[in-house]
Each structure stands twice: as structure tokens, then as C-alpha cells.
Amino acid sequence: MLRLILAEDSVLLRAGLAELLTRGGHQVLAAVGDAEELVRAVAAERPDAVVTDVRMPPGFRDEGLRAALELRSRDASLPVLVLSQYVATAYATQLFTGASAAGLGYLLKDRVGEVAEFLDALRRVAEGQTVIDPEVIRVLLGSRSQDHPLARLTPREREVLTLMAEGLNNQALAGRLFISEAAVVKHASSIFTKLDLDATEGNRRVLAVLAHLRGREST
């Protein structure tokens, strides 16, 4: 069971998320409607993790994201799962830029409808893993030009890269694609060779992929 702080400005969605999290076996210590309340609630309750929307009052721009970054600056070990209504790669880039992305997640709100998937993402973030919505990765991959190094990847390698960027380990990745772990290792090695990246593991592997995609966004 996780002790959670939830921040979402929509009253209906906030209630629905709180109910979903409670039914998932977690305790919602506070469910708040703006970024300032979020920061105060975290200071008062010291939760195991935070779930927050990006856009919050009063400006409805990125107040929730900025609150998440402030919380992480105060306590880099605090797991934070950020929810977004739309694919906004700039938000993802801002969230994952820093010394550590361990215990950070960025998901689209549509993912909440896949309850088991959403709860699993929260669990992984709470365990210190990095979770990125697959749609965000697909947008980043799809925006590359034909002369970009990503064009060198085979269709299967692009699938592996997408799941790799979600933070899945080799065992989970193999299960998702119905291939052996040895095949995953082979594909991953080929990907990192083609992209000229270090064959790192875990969160460092996710960060390497993100850094490459960020560095190529203007091409």
C-alpha cells in the first residue's frame, strides 16, 4: 500500500482518481485542487508518492509540473507521477531533465482508463523506476526526418526502443513482445550501436534514449 497525495483541479476526475487509487489498495492522504495545496500537503503528510496533473489553477498552464519539480528539488527521492491531457513533449523533457529521473513518471490521462496499466506504472514509479507514456515516445519517434539515425532502425527495433523508453526491463519487454530475453538483448545492442549510445541499463538507459531524442528534436 502506498500513501499518496493526489493533485487534480477537476473535481469529478479528482474524485474518480481517488476512488481508483483506493480500490487499488492505496491510501489517498489528501486530494487537492491546485499546485500550492499540493506543496503544502506533501510537506504536512510526507507521502510515499505524488500523483499530479500538469495544468493547475490559477493559470492552467504548467503549475502542476512546476510544483512537481519544486517537490523533487526539495526531496529527490520523492516518487512523482505526472498526468497530462495531451502529448506535450516539452513537458516530458522538462520533467526528465536533471540529475536523476529515478522515481519519475509521465503519463497521458487516457492511460488511467487502463486501470491495471496505470496502477502498474504508479507501482514502478514508487519503486524508483522511470515511466514514460508510450504515446509520447511514438510522437518523438514519428517526428524524426528520413536522414535521422532513427531511420536506420528496423520496425522491430523501433518497437523495442519504444518499450525501452517506457522503462521496461528486458524480462518485461520480452513478455510484451512475445520474444526471448536473448532476442531483446540482441535488438537493444543493435539499437544502441546504430544510435551511438552506451548500452546502459535501467533508468540510465531511459535517460540515454530521451537525451538522444531531445538532442535531435530540431532535425
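A quick note: this is a predicted structure, and the numbers were derived from the prediction, not measured. The chain is numbered in sequence order, starting from 1.
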Evaluate side-chain contact (heavy atoms from CB on, under 4.5 Å) for Gln85 paired with Val54, printing each intermediate quantity in order.
CA-CA 8 Å; Gln85 184 69 45; Val54 168; over 6 Å; no
So, taking the atom named [atom1] in [X] and the one named [atom2] in [Y], what distance separates them when rounded to the nearest 0.5 Å?
| X | Y | atom1 | atom2 | result |
| --- | --- | --- | --- | --- |
| Leu69 | Arg74 | CG | CZ | 12.5 Å |
| Gln171 | Ser180 | CD | OG | 12.5 Å |
| Arg124 | Gln129 | CZ | CD | 5.5 Å |
| Leu83 | Phe118 | CG | CZ | 5.5 Å |

Looking only at non-hydrogen atoms, find the nearest pair between [X] and [Y] and report the distance.
| X | Y | answer |
| --- | --- | --- |
| Thr52 | Ala68 | CG2-CB, 4.3 Å |
| Ala35 | Ala67 | CB-CB, 3.9 Å |
| Ala126 | Leu2 | CB-CD1, 3.7 Å |
| Ser84 | Asp53 | CA-OD1, 4.5 Å |

Which of Leu71, Asp48, Leu104 passes side chain to side chain contact (heavy atoms under 4.5 Å, CB included) with Leu78? It is Leu71
Any [X] side-chain heavy atom under 4.5 Å of [Y] side chain:
| X | Y | answer |
| --- | --- | --- |
| Asn170 | Val185 | yes |
| Val184 | His187 | no |
| Glu181 | Leu173 | no |

Item to check | Basic-acidic side-chain contact under 4.0 Å: Glu159, Arg156 | outcome: yes
Carboxylate-amine/guanidinium proximity below 4.0 Å for Arg66 and Glu70: no
Side-chain donor-acceptor contacts of residues 3-22 below 3.5 Å, not counting sequence neighbours, with atom names and distances?
from  : atom 1 : to     : atom 2 : distance (Å)
Arg3  : NH1    : Arg46  : O      : 3.0
Arg3  : NH2    : Glu45  : O      : 3.2
Glu8  : OE1    : Lys109 : NZ     : 3.0
Glu8  : OE2    : Ser10  : N      : 2.9
Ser10 : OG     : Leu13  : N      : 3.3
Arg14 : NH1    : Glu8   : O      : 2.5
Glu19 : OE2    : Arg23  : NE     : 2.7
Glu19 : OE2    : Arg23  : NH2    : 3.4
Thr22 : OG1    : Ala18  : O      : 2.8

Quick check: is Val51 connected to Val115 through a chain of hydrophobic side chains (ILVMFWY, heavy atoms under 4.5 Å apart)?
yes
Out of curiosity, does Val42 fall in the hydrophobic cluster containing Met56 (side-chain heavy atoms, cut-off under 4.5 Å, transitive links)? no
Determine, step by step, whether Arg111 and Glu117 satisfy the side-chain contact (heavy atoms from CB on, under 4.5 Å) criterion, reporting the C-alpha distance in whole Å, the side-chain angles of both residues, the deciding distance to 0.1 Å, and the verdict.
CA-CA 7 Å; Arg111 204 67 55 193; Glu117 188 174 342; 3.1 Å; yes
Keeping the roles fixed (side chain from [X], backbone from [Y]), state whether a donor-acceptor pair exists under 3.5 Å.
| X | Y | value |
| --- | --- | --- |
| Asp133 | Leu108 | yes |
| Thr193 | Ser189 | yes |
| Asp62 | Leu65 | no |

- Item | Any residue meeting side-chain hydrogen bond (donor to acceptor under 3.5 Å, both in side chains) with Glu114, in chain and number order, not counting sequence neighbours |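 So Glu114 forms no side-chain hydrogen bond (donor to acceptor under 3.5 Å, both in side chains) with any residue.
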Residue set satisfying side-chain hydrogen bond (donor to acceptor under 3.5 Å, both in side chains) with Lys194, at least two apart, ordered chain then number -> Glu157
